[in-house]
Amino acid sequence: MTETVGQAVERRRQYIGGGTMSINRAINPSRLFVRAQGAYLWDDAGRRYIDYHAGFAPYLFGHADREVDEAVIAAIRSGASLIGAGTMPWEAEIAQMLVEAVPALEQIQLTSTGSEAVSYALRLARAHTGRDTVVVMQGGYNGWADYVSYNLMDPRALVEDHEEGEEYPLRVTTAGIPEAVGSTVRVVEYNDLAAAEKVLATRQIAALILEPVLQNVGIVKPLPGYLEGLRALCDRYGTVLIFDEVKTGFRHALGGYQQIAGVLPDLCTFGKAVANGYPMGVVGGRKEIMALCSDPDPKRRVVIAGTYNGHPVNVAAARASIGRLKSREAEVYGELERLGARLEAGLNGVFASRNYATTLVRQGSAFATYFMDHAPVNWRDIALNNDNERDVAYRRAMIEAGIFHFPVATKQSSISLAHTDDDIDRTIEITADVVRALG
Ligand SMILES: Cc1ncc(COP(=O)(O)O)c(C=O)c1O
């Protein structure tokens with residue numbers, strides 16, 4: 001007999017430090033998921049859920065996608081193995097595909113995760129500029145590395161007094177980071193160009209890193225001119241502009257959000273959808289910076305290393321994913337937009353009759369329903385205005401009703417190509433029931 005969810009959680013607590021493999025996975029209501037396919041998840045009781053969490057967003061084609069999985073199986077059967085010496089045919093091939101797909105990529109390196117890609121991007125920027133300090137965004141998430149583990153989402157009490165145009169006092173979000181690291185990090189608010197300018201004008205900033213759309217606190221879009229403004233400031237003050245496209249990349253356009261925005265960063269990072277759920281990260285950008293990986297001067301050379309970099313299984317998944325996006329670009333992004341618009345229209349209809357405010361914000365297949373009366377412009381706006389209690393109650397009730405949105409306030413949801421019109425319509429119907437019952 002399989003374990004109950006309670007037993008599985010207990011055994012996890014016993015053998016896994018902290019009781020969870022990744023901080024956010026310990027959810028309420030607790031679930032023991034045993035299978036995923038396409039747009040659906042199944043739990044140990046055989047209940048099916050329409051999934052909008054999508055494993056924190058990689059599944060652009062849906063879970064266990066046949067084309068991607070067959071490419072992976074073919075790679076394994078062909079004897080492709082991680083040799084770890086010399087080169088292998090698929091390395092240059094995937095690199096070329098990525099460079100041809102994404103405007104800012106002139107050269108790339110592969111990693112196994114988004115966090116590694118971000119770590120390398122920061123190292124490259126520091127080597128390139130000869131400066132130490134990096135700027136990160138309040139409300140942004142760039143992985144778990146030390147340099148990006150500051151502030152993220154300050155609680156309401158800390159953002160209340162924050163003034164536009166100013167940086168935030170530093171707040172480290174995890175134990176185990178040396179104090180010296182904090183002396184090389186500055187935190188500003190997204191969509192606050194004046195704050196970025198004030199910090200960059202010190203001419204001590206190696207890199208400014210941001211998700212071009214803040215997608216770890218829902219969908220917070222750049223105000224008109226913001227990304228262009230950051231580009232101009234970085235040029236003026238000699239700072240490397242890094243777009244962390246781990247979530248936005250391949251989901252919104254083959255060329256990433258940079259293609260939509262028409263603003264090119266110096267470096268950018270990818271992960272998640274690049275390999276439809278297989279672990280791969282990408283860091284790349286201007287050749288002049290990427291060339292530091294083999295700079296003849298050992299003082300300037302940036303060491304890139306990783307046993308699993310360019311692993312054939314992950315690369316096979318990425319080749320299949322990007323190949324499909326390239327060959328059916330208009331069809332894929334057209335369909336994601338169509339599904340997204342259908343869901344948006346339905347949910348807006350459902351919430352229109354309530355006596356509290358909601359705002360659905362969407363970029364293609366990615367969306368978030370905020371429990372506030374406007375689309376937020378940054379984290380402070382969310383912290384001050386979103387009704388987190390109602391947000392979480394709604395998400396929990398949706399899970400009980402068979403629709404899986406991540407049960408933490410403001411977390412972004414993702415539609416995949418595996419979702420059908422029926423899934424979308426069923427979601428709208430269930431949402432209407434849930435919302436009615438919640439009152
Ligand atoms: C924008 C962004 N950057 C970086 C990361 C880190 O990627 P990984 O979890 O693969 O290390 C994430 C993960 O959620 C992310 O959303």
Side-chain angles (χ1 to χ4, degrees), residues 20-25 27 52-60 102 104 108-125 134-153 173-174 185 187 190 207-222 227 241-253 256-258 261 265 267-285 306 308-311 313-315 317-318 321 363 365-368 378-379 406 408 410-414:
T20 179
M21 286 283 182
S22 184
I23 184 167
N24 267 336
R25 288 190 198 170
I27 55 165
Y52 293 99
H53 172 48
F56 278 114
Y59 293 102
L60 192 61
V102 180
I108 61 108
Q109 282 281 351
L110 299 183
T111 64
S112 301
T113 65
S115 295
E116 290 170 88
V118 165
S119 301
Y120 282 128
L122 296 178
R123 184 183 276 187
L124 283 161
V134 297
V135 177
V136 300
M137 291 288 150
Q138 178 82 264
Y141 178 68
N142 310 111
W144 56 263
D146 288 1
Y147 294 109
V148 289
S149 294
Y150 288 87
N151 291 48
L152 304 184
M153 291 144 225
T173 58
T174 170
V185 181
V187 179
Y190 180 81
L208 181 146
I209 183 167
L210 81 162
E211 299 171 74
V213 177
L214 284 189
Q215 282 193 210
N216 278 282
V217 288
I219 297 280
V220 183
K221 297 190 190 187
L227 296 178
L241 178 62
I242 305 173
F243 280 2
D244 180 352
E245 296 233 40
V246 166
K247 264 193 147 181
T248 53
F250 305 101
R251 179 157 286 280
H252 303 320
Y257 193 75
Q258 58 190 265
L267 292 175
C268 43
T269 54
F270 295 86
K272 303 204 188 240
V274 71
N276 201 62
Y278 285 88
M280 200 171 98
V282 181
V283 53
Y308 297 112
N309 290 0
H311 193 288
V313 163
N314 309 331
V315 170
S321 301
Q363 177 69 42
S365 58
F367 66 98
N378 52 33
W379 170 249
F406 199 73
V408 168
T410 78
K411 282 292 167 206
Q412 174 246 308
S413 297
S414 303

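Just so you know, ligand 1 is whichever comes first in the structure, and atom 1 is the first atom listed for that ligand.
For ligand 1, the 4.0 Å heavy-atom shell contains residues Thr113, Gly114, Ser115, Tyr141, Asn142, Gly143, Glu211, Asn216, Asp244, Val246, Lys247, Lys272.
Residue pairs that meet the side-chain hydrogen bond (donor to acceptor under 3.5 Å, both in side chains) test with at least one member in residues 270-285, sequence neighbours left out, are Asp69-Tyr278.
Annotation: side chain of Val134 is not in contact with side chain of Ile209 (no heavy-atom distance under 4.5 Å).
Thr111 and Gln109 share no donor-acceptor pair across their side chains, judged by distance under 3.5 Å alone.
Proximity of a side-chain donor or acceptor of Thr173 to a complementary backbone N or O of Ser149 within less than 3.5 Å is detected. At least one donor-acceptor pair closer than 3.5 Å links the side chain of Glu245 to the backbone N or O of Tyr257.
The two residues Arg251 and Ser365 come nearest to each other via the heavy atoms NH1-OG, 2.9 Å.
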